[in-house]
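In what follows, a structure is listed as structure tokens, so that the remarks can point back to it.
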Amino acid sequence: MARMSIVFDGFEKLTAKLDAMGKDLKPAVNEALEVTQQYIQQELEVAVQPYVRPRKGRKGWAKGSMADAVIKNPMIEWQGSVATVKVGFSSQERLGFMHSIFVMYGVPRHGKFNKGYSKDTKIFNAIKGTKTKNRVKKLQQDTMEKYLK
């Protein structure tokens, strides 16, 4: 599980404009974070599809557990003036959460019987990739600017 917040440049200017117009900042931030969570959720649901069915040479115990662990409901948390939203995999789904960590970051090689596994770049990039970060910045900025009209 990761936490996302508002990350684009010019956020301070937009908040000043909203304040000058007499509009509340909280609904704009909430919507921007909801859009962020929904975008990452969509990317993850596509990335985990190979793990929904047992892959050749893999055990069936992991079947669908990562797909079940994808966070589907945006839960925005405010702590003072900082808002965050949880994205990625839910720790409530133990098996899928643990499986996602090993798939997302890879497993090192230890000893002669463990061949190790490299990380799944599709899942890693769906949460922490440069393309995702740039797209999230753009989505957040567009959502916040919508409130200036």
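Remember, it's a predicted structure, so these values are computed and weren't measured experimentally. Throughout, numbering of the chain's residues begins at 1 and tracks the sequence.
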Could you tell me which residues satisfy side-chain hydrogen bond (donor to acceptor under 3.5 Å, both in side chains) with E77, sequence neighbours excluded, listed by chain and number?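 Here the qualifying residues are R3.
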How far apart are the closest heavy atoms of [X] and [Y], and which atoms are they?
X	Y	value
N125	T132	O-OG1, 2.6 Å
A83	S5	O-CB, 3.5 Å
T143	A28	CG2-O, 4.4 Å

Given the rule that I, L, V, M, F, W and Y join up when any side-chain heavy atoms are under 4.5 Å apart, are [X] and [Y] in one cluster?
X	Y	result
V82	V87	no
M66	V46	no
L33	M75	no

Side-chain touch [X]/[Y], heavy atoms, less than 4.5 angstrom:
X	Y	answer
E31	K146	yes
V48	I123	yes
W78	K26	yes
L44	I127	yes
V70	Q41	yes
K23	K17	no

Ring-face cation of K119 near F124 (centre distance under 6.0 Å, axis angle within 45°): yes
Determine, stepwise, if the pair Y147 / L25 fulfils side chain to side chain contact (heavy atoms under 4.5 Å, CB included). CA-CA 9 Å; Y147 279 82; L25 179 66; over 6 Å; no
Verify, without hydrogens or angle tests, whether [X] (side chain) and [Y] (backbone) share a donor-acceptor contact under 3.5 angstrom.
X	Y	value
E43	Y39	no
Q37	I71	yes
T84	M4	no

Where do T36 and Q140 land on the side chain to side chain donor-acceptor pair (under 3.5 Å) test, with the steps shown first? CA-CA 7 Å; T36 299; Q140 288 178 348; 2.9 Å; yes
Any ion pair linking D142 and K138 (charged N to carboxylate O, less than 4.0 Å)? yes
For a quick check under 3.5 Å, do Q38 and E34 share a side-chain donor-acceptor pair by atom type?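 Looking only at side-chain atoms, E34 and Q38 do not form any donor-acceptor pair under 3.5 Å.
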Check the surroundings of atom CG in D24: do more than 12 heavy atoms from other residues, nucleotides or ligands lie under 6.0 Å from it?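 Correct, the count exceeds 12.
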